[in-house]
2 protein chains.
Amino acid sequence: MNSRYIEIYEEIKKEILEQKIRAGEKLPSENTYCKIYGASRGTIRKALDLLVEEGFVHRQHGKGMYVLDHHLISFSFGGLASFKEAAESSGQFFTTLVPLFEKIRIDDSLHEKTKLPVDKEAYKIYRIRKLDQERVILDINYFLTEIVSGLTINQAEGSIYEYIEEKLGLKIGFAQRVIQVEPVTAKDRHFLDVKSHPVVAVVKNFVHLQDGTQFEYTESRHRPDRFVFTDFVRRR
Amino acid sequence: MNSRYIEIYEEIKKEILEQKIRAGEKLPSENTYCKIYGASRGTIRKALDLLVEEGFVHRQHGKGMYVLDHHLISFSFGGLASFKEAAESSGQFFTTLVPLFEKIRIDDSLHEKTKLPVDKEAYKIYRIRKLDQERVILDINYFLTEIVSGLTINQAEGSIYEYIEEKLGLKIGFAQRVIQVEPVTAKDRHFLDVKSHPVVAVVKNFVHLQDGTQFEYTESRHRPDRFVFTDFVRRR
DNA sequence: ACTCATTTGTTCGTATGTATG
DNA sequence: GCATACATACGAACAAATGAG
């Protein structure tokens, strides 16, 4: 079903996550992997490229590949993951409330904010994420109804991405993301347990399908003391 | 000296940045590029992969590649760029002050914070970034003296990365990065024009050489109203 | 509905270059 | 100098998505 290099990538990643190869240890050479998986070196390299890119291993010309210490990259938000995926992989227990679920029309000022096309209809959804009985994240979602049709409040309580990808068969492509710090609004005070915090950490997502059309704008407003964003970057 | 696919990548990227191919427009096909550059398809694809990864273009199976609207990414701190590189590409005019430049020893509590090896010696440097006569960023750097030897206060006023890469010939590999929001400290109040802002946005960098050894810890403390972090992510 | 050319996606095999020990 | 391992490059083939006829 999937391509071979993805399968190999997932198998090796699993071995690293299960500590069958530990941090600091050397991976088998590319040629060894060729024999293990019966694949060409190009295919093996494509699989290993993914691990390098995600920060699981690093390569050294002439020496080999080594597993990196993954001490805290337990992805609060590393890639383009849904909230449910991120929460599950971080092992924390969240619950979701949906205090608002309605259809609206994108006007000029909303277009300015969301970059969604003017005059289209969209679902506007608020979702509150609770951790340890405290409301720490407010997600404000806009989905074009034209693309994400038939959404219900039930799905919003679970994973909307699951619905989009599995039920509708749509392929999510990429997102531009902006992180900023903003003063708390009346809405934040109403929907979050902001305590005395005067600001929130805001993550804005402009999400596109694989064909390049933007179908979503989401703004995640985090109570600053619970906000952590982790990232892995390579030079050049 | 560079590899062919890097050259090709840079040429095409230049064409996009100079708007010779505009947002929404289609790129020449891979086979066309093969003829243009006299390279194999594999090499062309490696060059194009980089553009895809950085969010300049998106690919559509069976159709072609299209240039993305780059309104957000243009002043991106998304990659592992030095402050000087980022400032130059964003076109803003910053100046740098160096109020502290000293050698210290990594003790246990500093190891906890920086992850640098205990008992090694390090440069500890404060650097203030001024924009429009306002001190908006405080960089706190630790560099292992063993690796980054011979650093002077003059270099610290320019680009330390330039010194590390060009003068010392060291190869920077990758960094783990954490973004958080923290209450202002007395140090922030002293070195930054924090105004009435009660918090700062903090970016922590754990930077490693290509051989995997960590040689730097840097904490960038931003006044929250001037802090923007942009990112580009793909769904896998 | 079907065929066909175009274009991207995956895989293979092979060769050569370069860094490490 | 030599063996090992990663880096780059070429060419070929077939698969899969798209759009035109």
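First the proteins, then the strands, lettered A, B, ... as listed; each starts at 1.
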query: Are B:S40 and D:dG11 close enough that a side-chain N or O sits under 4.0 Å from OP1 or OP2?
result: no
task: Evaluate the side-chain hydrogen bond (donor to acceptor under 3.5 Å, both in side chains) criterion for residues B:D211 and B:T213: first the C-alpha distance (whole Å), next the side-chain angles of each, then the deciding distance (0.1 Å), finally the verdict.
output: CA-CA 6 Å; B:D211 69 3; B:T213 60; 2.9 Å; yes
field: Side-chain heavy atoms of B:R127 within contact of B:I125, under 4.5 Å
entry: yes
message: Quick check: B:F215 with B:H208 (ring centres under 6.0 Å apart)?
response: no
field: d(CZ, B:R45; P, D:dA7) in whole Å
entry: 19 Å
statement: For nucleotides 16-21 of chain D, 5' to 3', base contacts (B), sugar-phosphate-only contacts (S) and non-contacts (-) with protein non-hydrogen atoms under 4.0 Å give BBSS--
- prompt: Taking CD from B:E30 and P from D:dG11, how many angstroms apart are they, rounded to a whole number?
  reply: 15 Å
- request: Kindly determine whether A:Y123 and A:Y142 satisfy ring pair (Phe, Tyr, Trp, His ring centres under 6.0 Å), including the steps that lead there.
  value: CA-CA 5 Å; A:Y123 293 105; A:Y142 296 87; over 10 Å; no
A:F232 versus A:E53, closest heavy-atom pair with distance: CD2-O, 3.8 Å
query: So, does A:Q214 use its side chain to make a donor-acceptor pair with the main chain of A:T114 at under 3.5 Å?
result: yes
- prompt: Base, sugar-phosphate alone, or nothing: which one does A:R4 contact when heavy atoms must sit under 4.0 Å apart?
  reply: sugar-phosphate
query: Could you give the start and end, 5' to 3', of the contact zone on DNA chain C for chain B, using atoms under 4.0 Å from its heavy atoms?
result: C:dT7 to C:dT10
- prompt: Between the side chains of B:N205 and B:T218, is a donor N or O closer than 3.5 angstrom to an acceptor N or O?
  reply: no
- prompt: Within the structure shown, what part of the strands sits under 4.0 Å from B:G42 by heavy-atom distance: base, sugar-phosphate, or nothing?
  reply: nothing
task: Compute whether any side-chain donor of one residue and acceptor of the other, for B:Y161 and B:E216, lie under 3.5 angstrom apart.
output: yes
task: Could you say whether A:I44 or B:G64 is positioned toward the 5' end of DNA chain C, judged by the nucleotide with the nearest heavy atom to each?
output: B:G64
message: For a ring pair (Phe, Tyr, Trp, His ring centres under 6.0 Å) check, start with the C-alpha distance between A:F206 and A:Y217, then their side-chain angles and the critical distance, and finish with the verdict.
response: CA-CA 5 Å; A:F206 305 85; A:Y217 168 79; 5.2 Å; yes
A:H58 NE2 to D:dA5 C1', straight-line distance once rounded to whole Å: 14 Å
task: Answer with yes or no whether B:R41 presents, from its side chain, a donor or acceptor under 3.5 Å of a partner atom in the base of D:dA9.
output: no
query: B:I8 CD1 to D:dT8 P: how many Å, rounded?
result: 13 Å
